[in-house]
Amino acid sequence: MLDNWTIGKKIGLGFAALVALTMLISGIAVYALRTAVESKDRVISDFASKLIDAEKLRTAVMGKYAASRSFLLDADPEDVTTMARHRRDFAEAIDRIKPLLETAEGKELIQHVNDAERDHERALQDLIALRKGNTPQAEIAVLLDKNVAPKRAVLDRAVDDFVKLQTRLLDDSKKASTEAADAARLLVAIIAGITLLIGAGIAIALTRSLTGQISSAVQHIQGSAAELQAASNQQMAATKEQSAALNEVTATLKELVATSHQIAQSSQRVAKIAQDTSASAKSGDSTTQRAQNGMGAIKQQVDVIATHMLDLGKKSQQIGSVLEVINELSDQTNILAINASIEAAGAGEAGRRFSVVAAEIRNLADRVAASTKEIRALVDDVRAAVNAAVLATETGVKEVEAGRKQFSDVTGALKQILDMVVTTSEAAREIELSTTQQTTAVEQVSVAINDAAQGAKETETSTAQTLQTSGQLAKLSQELVRLISAQAA
C-alpha cells in the first residue's frame, strides 16, 4: 500500500508520527514540570507559611511572658495592654494555622498549644489579680514559680513540638517534591527512549519505501539543506547571545545570594545582641527594684529611730520633772534637819543623839542636792544630744526619700529600655525569617537559571551539530545529484 503513496504522503506520514510523538513527550514533560513546580510552590507557600506562623506563636508567648514579669514587678497598666496585644497575636496565628493543617498529629498539637496557653493565661490572671491587690512581692514570686512557671514550661514544650513537627513536614514535603521531580524526569527519559525507537522504526520503513523515489527529491533536498544551514547560523547566533545573557544573570544571582547570606548573618547577630541587652535590662530592673525596696526599708528604720529619739526626749523631760521633785524634797529635808538641830540643842543632853542624826540627815540632803544638780546637767546634755539626733534623723529621712524617688525614676527608665529592646528583638527575628526566605527563593531561582544556561549551552552545541549536519547534507545531496546524473547517463 505504501508503495503507491507519493513522497509527500510518506514524508507527511512520518512527520505526523513524529509530531504526535513529540506532542506526547511535550505533554508529559509539561505535566511533569507543572507537577514539580506546584509541589515546590506548595512547599514554599504552605509549609513555610505555617512554620513562620509557628515561630510567631513562640514570639507572642515570649512577649506576653516578658510583659507579665514586668507587671508583677512594678504593676504598670501598660504591661497589661502589652500582654493583651501579644495574646491577640497568638490567637491570630492559631486562626491562620488551623485551616492549613492536614495531619491529625498537627491538629492535635495545635489544640494542645491552644489549651496550654489557656491554662497559662488563667494562672497568670490569678497572679495579676493578687498583684493588683497589693500582695507582697515575696508571695508573688513564690506563686509565680509554683503555679505559672510549670504551665509556661508546658506551653513552651507544646510550641516547640509544633515547630518541630512543621519543620519535619517541610523537610518531608521537600523530599517528596524532589522524588516527584526525579520520577517525572525518569518518565520523560523512558518516553523519549520509546519515541526514539518508534521514530527509528518509522525512519527505516520510510527509508526503504523512499529508496526508489529519492532521485526526484534530491533537488528539493539541496534547497532545504541550504535553508537549514542559514537557519542554523541564525539560531547559533541567537543561542550565543542567550547563553551570554544567562551567564550575566547567573553571576548577578550569585552576588545576590552572597548578599542575602550576609544580611541573614547580620540579622542573627542583631537578634543575639537584642536578647543580651534585654537580659541585662531585666537584671538592671531587678537590681534597681531591690535597691528601691532597700531604700524603703531604710526609711522605715530611720522613722523608727526618729520615733525612739522623740520618746527619749520625752523621757528626759520626765526625768527633769522628777529631779525637780527630788530637789524640792532635798530642800525641805535640809530645812527639817535644821529645825531638828535647833530642837535638839534646846533639849539639852537628851537631844544630843537626835542632833547627830539631824546633822547626818542634813549632810545627806546636801549630797542629794549636789547629785541632783549633776544629774540635771547630764539630762540637759542628753536632751541636747537627742534634739541633734532628731534633727539629723529628719534630714536622713528626707535624703532617703529623695534617693527612693531617684531609684523610682531609674526603674521607669529601665522599663522603657526593656520595652524597646523587646520590640527590637522581635523586629530582628522577623527580619531574620524574611531574609532566610528570600535567600531560599534566590537560591532556587539561581538553580533554575543555571539549568536554563546549561540548556542554552546544550542548544548551542546541538545547533552547531545541526549546522555541520546541514553542510554534510548539502554535500550529500550534491553527491546524490552526481550519482543520479551518472546513473541517468
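Only a predicted model underlies this, so the values are computations on that prediction, with no experimental measurement involved. We count residues from 1, following the sequence as given.
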Practice prompt. Please step through side-chain contact (heavy atoms from CB on, under 4.5 Å) for the pair I94 and L57, ending with a clear verdict.
Written response: CA-CA 8 Å; I94 290 289; L57 289 178; 3.8 Å; yes
Worksheet item: Does any non-hydrogen side-chain atom of V61 lie less than 4.5 Å from one of R152?
Response: yes
Item to complete: Would you indicate whether M83, at its atom CE, is surrounded by more than 12 heavy atoms from other residues, nucleotides or ligands within a distance under 6.0 Å?
Response: yes
Practice prompt. With side-chain contact (heavy atoms from CB on, under 4.5 Å) as the test, would you mind laying out the steps for Q111 and K98 before giving the verdict?
Written response: CA-CA 9 Å; Q111 185 62 38; K98 280 186 176 180; 4.0 Å; yes
Worksheet item: How far apart are the C-alpha atoms of K64 and E121, what are their side-chain angles, what is the distance that settles it, and do they pass the side-chain contact (heavy atoms from CB on, under 4.5 Å) test?
Response: CA-CA 10 Å; K64 187 182 78 168; E121 180 67 18; 3.0 Å; yes
Worksheet entry | Carboxylate-amine/guanidinium contact R87 E117, below 4.0 Å | yes
Practice prompt. Answer yes or no: is there a side-chain heavy-atom contact under 4.5 Å between I97 and F162?
Written response: yes
Worksheet item: After noting the C-alpha distance and the side-chain angles of V113 and F90, does the key distance pass the side-chain contact (heavy atoms from CB on, under 4.5 Å) rule?
Response: CA-CA 10 Å; V113 170; F90 184 92; 3.6 Å; yes
Discussion item. If the condition is side chain to side chain contact (heavy atoms under 4.5 Å, CB included), which residues does D381 pass it with, not counting sequence neighbours?
Written reply: none
Worksheet item: Looking at OG1 of T372 and CD of E374, how far apart are the two atoms once the value is rounded to the nearest 0.5 Å?
Response: 9.0 Å
Response to the item:
Closest non-hydrogen atoms of G63 and H86, given as atom of the first, atom of the second and distance, are C-CD2, 3.4 Å
Response to the item:
Across all chains, not counting sequence neighbours, the side-chain hydrogen bond (donor to acceptor under 3.5 Å, both in side chains) partners of E92 are none
Fill in: side-chain hydrogen bond (donor to acceptor under 3.5 Å, both in side chains) against D79, all qualifying residues, sequence neighbours excluded
S70, K415
Worksheet item: Which residues pass the side chain to side chain contact (heavy atoms under 4.5 Å, CB included) test with V154, sequence neighbours left out?
Response: H112, A116, R157
Worksheet item: For R85, which residues count as a side-chain hydrogen bond (donor to acceptor under 3.5 Å, both in side chains) partner, sequence neighbours excluded?
Response: none
Response to the item:
Rounded to the nearest 0.5 Å, the CG atom of D119 sits from the CG atom of N147 at a distance of 12.0 Å
Worksheet item: Given R122 and D126, is the salt bridge (charged side-chain N to carboxylate O under 4.0 Å, His left out) satisfied, shown in steps?
Response: CA-CA 6 Å; R122 282 197 293 267; D126 293 339; over 6 Å; no
Worksheet entry | Spacing of I128 atom CD1 and Q125 atom CD [to the nearest 0.5 Å] | 4.5 Å
Practice prompt. Find the distance between CE (M62) and CG (D156) and round it off to the nearest 0.5 Å.
Written response: 8.5 Å
Worksheet item: Taking only residues two or more places apart in sequence or in another chain, which ones pass salt bridge (charged side-chain N to carboxylate O under 4.0 Å, His left out) with D171?
Response: none
Worksheet item: When rounded to the nearest 0.5 angstrom, what distance separates OG in S68 from CG in L127?
Response: 8.5 Å
Worksheet entry | Interatomic distance, I110 atom CD1 to T103 atom OG1 [nearest 0.5 angstrom] | 11.0 Å
Worksheet, complete the sentence: Of all heavy-atom pairs linking G106 and L165, the shortest is CA-CD2, 3.4 Å
Item to complete: Decide, yes or no, whether a salt bridge links R58 with D160 under the criterion of side-chain N to carboxylate O below 4.0 Å.
Response: yes
